[in-house]
J.: 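Below you will find the structure I want to go over with you.
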Amino acid sequence: MANSITSTGHVDHLEKLMPHESIINDEGEHVVLPQHRHHFETAEQQREAGSFGMWLFLLTEIMFFGGLFFAYLLYRNWYYPAFAVASNQLNVPEGAANTAILITSGFFMALGVWAAEVRKKKLLVLMLVFTTIFGVAFLGVKADEYHEKYEKHHIPGASFSTSMFTNPPVNPKTGKPDELPLAPDMAQHTEIFFFLYFAMTGMHAFHMIIGIVLLFWLTWRAHRGEFSSGYVAPIENFGLYWHFVDIVWLFLFPLLYLINRHPIH
Amino acid sequence: MSTPITHTIVNLPDQATARIPKRNYINNEHGLLSWLLTGDHKRIAILYLISITFFFFIGGAFAGLIRLELLTPAPDLVSSDTYNKFFTMHGIIMIFLFLVPSVPATLGNFLIPIMIGAKDLAFPKINLLSWYLYVIGGILTLAALVLGGVDTGWTFTTPLSTHYLNTHVITAATAIFIAGFASIFTGLNFIVTIHRMRAPGMTWFRMPLFVWSNYAASILMVLGTPVLAITLVLVALERLIGIGVFDPTKGGDPLLFQHLFWFYSHPAVYIMILPGMGVISEVISTFSRKRVFGYTAVAFSSVAIALFGFFVWAHHMFIMGVSNYSALVFSLLTMLVAVPSAIKIFNWAFTLQKGSITFETPMLYAFAFIGLFTIGGLTGIFLGSLGMDIHLTETYFIVAHFHYVMVGGMLMAFLAGIHFWWPKMTGRMYPESLSKLSAVTSFIGFNLTFMPQFILGYLGMPRRYHAYPAEYQVLNVLSTAGATVLGVGFMLPLLYLGWSLKYGAIAGNNPWQATGLEWQIQSPPLTENFTEIPIIDYEAYDYEWLEKKQREEVTTVG
Amino acid sequence: MGISPVLWQFLVKWLHNSSLFPAEASTISPYTDALYFFLLLMTIVGLILVCALVFGFSIRYRREKSPVATQIEGSTLLEATWTIIPLAIFLVTFVWGALLYFRIYDPPANAMNIYVVGKQWMWKAEHPGGQHEINALHVPSGRPVQLTMISQDVFHSFSIPDFRVKREVIPGRYTTVWFEATTPGTYHIFCTQYCGTQHSGMIGEVTVLTPEDYDKWTKQSTSGMSLAQNGERLFASMGCNACHSGSAAARGPNLAGVYGSKLTLTNGNQVLVNDAYLRDAILNPSEHVTAGFAPIMPTYQGQISEDGLIDIVEYIKNLQSNYRVQQTQMTSESNQAAPPTPTEGTTETVKP
Amino acid sequence: MAHEVSHDQAHDPSNVTNPEHAEHHIVTPIQYCLVFATLLVGTAITVAAAYVNMGAFNPVIALAIACTKAVIVILFFMHVKYQSRLIKLTVGAGFFAFIILVTMTLLDYISRAWGMW
């Protein structure tokens, strides 16, 4: 008996012929998800393919950031003194706070995925909103840090000044400068550190902005109840993307902010 | 009804009664929008085929101009700047807009779902997005060309590309960045489809070798392309802000660019050649009526090439001041990566043993591939061995080597694939005798063009030279003559394939009596490929199964 | 090699005259050509083998002669043979190539050093004796010649096909290659790395002279000051002698005889003082502070051209005693006229 | 005629559409809170460790903590621990490719100082 699945009106055929393929909801009767794309055999196969595809995309992101991380690794070894002093210009409390904010945002995203799986729509929407709030908070702190670099003339390019490094200002409390003065040629290499700092955190912030835009769209769709009846793939895949962006920051924070924080004398 | 012993395998339905099937993916929907917004992998393959052919002939035109200029030792056809823009455009268009996407995006898109028994690729919308990104990348490249061209060479060597040129480098870099994502999405689609959407019974070792080689190429696309993306971003940033990681006067290291660029660009040459090898496995097996000799060896050597492809990139940099010891390591690994290609060549040769061989056009192109790819591959060993590389690198020997592999190997395989699956894609047969003529013309033209360049290479004529010493002229004239013949050889298929769309004989389901799943359904296929999901219980290239099926005359699936 | 040298010379001469083969004008050329012919042989044999298999099987098993194909699964023995044999041949090529590579890129100790500076679209050769040449290079035959090369702007690549040598010329770092010319004559120099508009114009001539002609040439083409003397002038005018005066209380380390010695730096690691180290120390002094000295040396990045750096490096290489340093310092402080520089045999006076 | 579509098509081991047929494991919020806590503690430790002078070990410690945090996020937040072997393999392949890029390129940079080049 050839189970011919013509392209028209396939939903009822599927129902009759492959009952075990559809998702069994609470009352145990079989319902086929409307989002079931025709070219997949089962919804399960579609979901597996979706997360596998998302992971492959994250692979490209790993290699994309990989190039930057290698450049950082190379120049940190070549110009360690410049990197150490320049890294001390970054504000550790703000960085640590940012890391905590992003971890919290990831936590709420994970709870969001859970809420979608157990089909609690209101909880899902709430979690997505929290994730967005913390995401935006992260960007706010980032913007403040960038502004501080702007004031100190640490943005690479024409306006970059190394005076801060060649003769470091005296710390009013201790009466002595916090840093050893850098030789002028080494001070010039601090511009490479700040270029890498802006390239890596800028690329990370750009990915955050994309994530937040997607979050607004997903929150709106979640609010319309699309993801609380078994179809969770978009939430799950966005969760993967969001956690990936969180992992990139988990590496960026120690590598950029904490190169050499122990006091020098 | 056993066909009389003739010299050809082709069996077409009786032309008087045969018709193109009423419902197929071409006439399923009408109107431009149904093509531009399609999710059907077959239609996207046709869109890719048209846009790739368009860019191939633009790149080919630049090749013609270059050969025309090199007819005379003096720089007399165009100014140096224009000549530099010619070879840069030739490189960028041919590599990023033709060779990387050609077989995967056209034949791969069309055939992989059918060959593994799926209705479509895993992500049809991403597949369409991939084509749009390709077209945007192409348009941006043409924009860079029209606005004034870019003369950095396709390798964007820094610090030349970042500080010493004011041509449209950023436009070209953005174009390649976008076209790179088209290649990533194609690779991503293939990997997910091959892993997750095979028909029941289609185990890994029952899949055709075409699917295996596209799978290996997809791994390279997904893992390699992003590194090129970040490298081009860094080049663009350095041009905009002026400080960067590649500027030696500010402490940067230009060799870091070479490492990051070649980390992608060497796997890219395997992205280009592996799908071509897949086509050759299919063609050789069909026209010798035999299972590919050592199926598992050929399948695993595709994956081995993909894996080793990541370890060898610095053989492009042997004389650039990389340390002697790392040069040793990369030279040794380059020798290892050459072995799987040798395995494949011998396996194809032994597939012919005890076969029942016929010589249609795809088979002619396959023979051309085997011959020319052997030369291309072995000359690669010249460049892999350190001492030889010192004398041969950056000369015309390199130009001849990669054209033997890319044009002799990849393009011959692409044309073999186009001729082999043309009946399946369009339902029409192409004129056999004229296509054989064009195959022979291309073969002769190709050898006449690039064999002299090996000799020029050993004589030391440098690459990308607008003018050269007089004693090299004879060989250059030969090469230009060959280029004209090659140009004619590549123009012909455009004509008779176009002609066959309207006047070609009706092909029927299985004109070549091949065993692939794609030959068991109607041609051109339905939009959803199969009326029901096929159950596979036979091995790949199983001609006994085909024989039994034809005797029973049961159209199980079509 | 199986072919007798006479036949070899005849073959190479005939091919060269019909411009199908480059001349063998350096000691390394025959070795490179030997590897080339071995690989050519490998390619031809491989091609013949594959074509024989393909055409043999095609004719023997064409459809007319064998209408039904007999399926063969494959044979692991055959797979093993065409894995091991190509691998063996390729490994032989690897070892042979590596030996050749190390021969070309490790200059012998007694090599005569010539500096080459690549600049967008011209080659500047600078002989220690002071001869400056543009797009030309005069070298004696029979003596190893080492080229220490650097670029002022973009990647170039110094290539002499008839000597079978080629080396990338990178901005920011010295790269070296050496050769020993054998037959006098003029040969091409090419820039083989694409370097912009006039890339194909960046060519020149190597003129190989017999040792006697070479000495005659050095005499009549001297342009006055040797590199070391130029270096001495720059050393003084840049104020280097203020710190590197060689006296005990000097703020900079004593540079006499420092070339070729092993230095310990403030961060403790040991370094061999060669051309590259001297150049880096001038441009990035803070990374090359000798143990026991304060990191107060200013950077000269962008203030001295590559030629100037070469002159200073050459001067430091020839500095055996601080006699000249103290003398120039003394004359610069007092207002006497500087002693006339001796004219003949300029290089001797620098050495005490 | 075509094969009878066996009812237990999904459970047939050679059913390649979904070989592992992993039923979907739901990670409970308690596990998420645990992971959340460890991540915050990890951040605190890495900041504290930066202020202690351990010479060459500082970057090693910082990277070790960052790697453990990343592995925890991948396993629990991204559910890789409960997913098919294929996804685990893909994650491994990604980091393996990155490690190739780093080690093979460092191979050149490190060995430059060894001999004359």
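Basis for what follows: all heavy atoms, side chains included, without hydrogens, waters or symmetry-related copies. A note on names: the letters A, B, ... follow the listed sequences, proteins ahead of strands, and every chain is numbered from 1.
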J.: Minimum heavy-atom separation for Leu101(D) to Trp313(B), with atom names?
T.: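 Nearest heavy atoms, Leu101(D) then Trp313(B): O-CH2, 4.3 Å.
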J.: If you count every heavy atom of other residues, nucleotides or ligands that lies below 6.0 Å from Phe308(B) atom CZ, does the total exceed 12?
T.: no
J.: At what distance, to the nearest 0.5 angstrom, does OG1 of Thr105(D) lie from CD of Gln258(B)?
T.: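 Atom-to-atom, Thr105(D):OG1 and Gln258(B):CD are 12.5 Å apart.
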J.: Given a strict heavy-atom distance threshold of 4.5 Å, which part of Phe98(D) is in contact with chain B: side chain, backbone, both, or neither?
T.: neither
J.: Does any heavy atom of chain D fall under 4.5 Å from the side chain of Leu255(B), the backbone, both, or neither of them?
T.: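 For Leu255(B), backbone and side chain are both near chain D.
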J.: Can you measure from OG (Ser323(B)) to CG (Leu107(D)) and round to the nearest 0.5 angstrom?
T.: 6.5 Å
J.: With a 4.5 Å cut-off on heavy-atom pairs, point out which of Asp253(B), Ile219(B), Val222(B) contacts chain D the most.
T.: Asp253(B)
J.: Checking Val329(B) against chain D: side chain, backbone, both or neither under 4.5 Å from a heavy atom?
T.: side chain
J.: What are the two closest non-hydrogen atoms of Ser326(B) and Ser111(D), and how far apart are they?
T.: N-OG, 4.0 Å
J.: Quick one: CZ on Phe96(D) to CG on Leu223(B), what's the gap to the nearest 0.5 Å?
T.: 10.0 Å
J.: Between Phe263(B) and chain D, which part of the residue has a heavy atom less than 4.5 Å away: side chain, backbone, both or neither?
T.: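 It is the side chain, since no backbone atom gets that close.
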J.: Is atom OH of Tyr538(B) surrounded by more than 12 heavy atoms (other residues, nucleotides or ligands) closer than 6.0 Å?
T.: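 Count over threshold, so yes.
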J.: I want to check something: taking the side chain as every heavy atom from C-beta on, are His195(B) and Thr90(D) in contact at a cut-off of under 4.5 Å?
T.: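 No, too far: nothing below the 4.5 Å cut-off.
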J.: So, does Tyr109(D) use its side chain to make a donor-acceptor pair with the main chain of Leu256(B) at under 3.5 Å?
T.: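 Between the backbone of Leu256(B) and the side chain of Tyr109(D) there is a qualifying donor-acceptor contact (under 3.5 Å).
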J.: Starting from the C-alpha separation in whole Å, work towards a yes-or-no answer on side chain to side chain contact (heavy atoms under 4.5 Å, CB included) for Met104(D) and Phe330(B).
T.: CA-CA 9 Å; Met104(D) 295 290 279; Phe330(B) 280 107; 3.5 Å; yes
J.: Applying side chain to side chain contact (heavy atoms under 4.5 Å, CB included) to Arg196(B) and Ser84(D), what does each step give before you reach the verdict?
T.: CA-CA 12 Å; Arg196(B) 277 288 168 254; Ser84(D) 61; 3.5 Å; yes
J.: Any chance you could lay out the side chain to side chain contact (heavy atoms under 4.5 Å, CB included) test for Met320(B) and Asp108(D), step after step, and finish with the verdict?
T.: CA-CA 11 Å; Met320(B) 280 191 187; Asp108(D) 167 34; over 6 Å; no
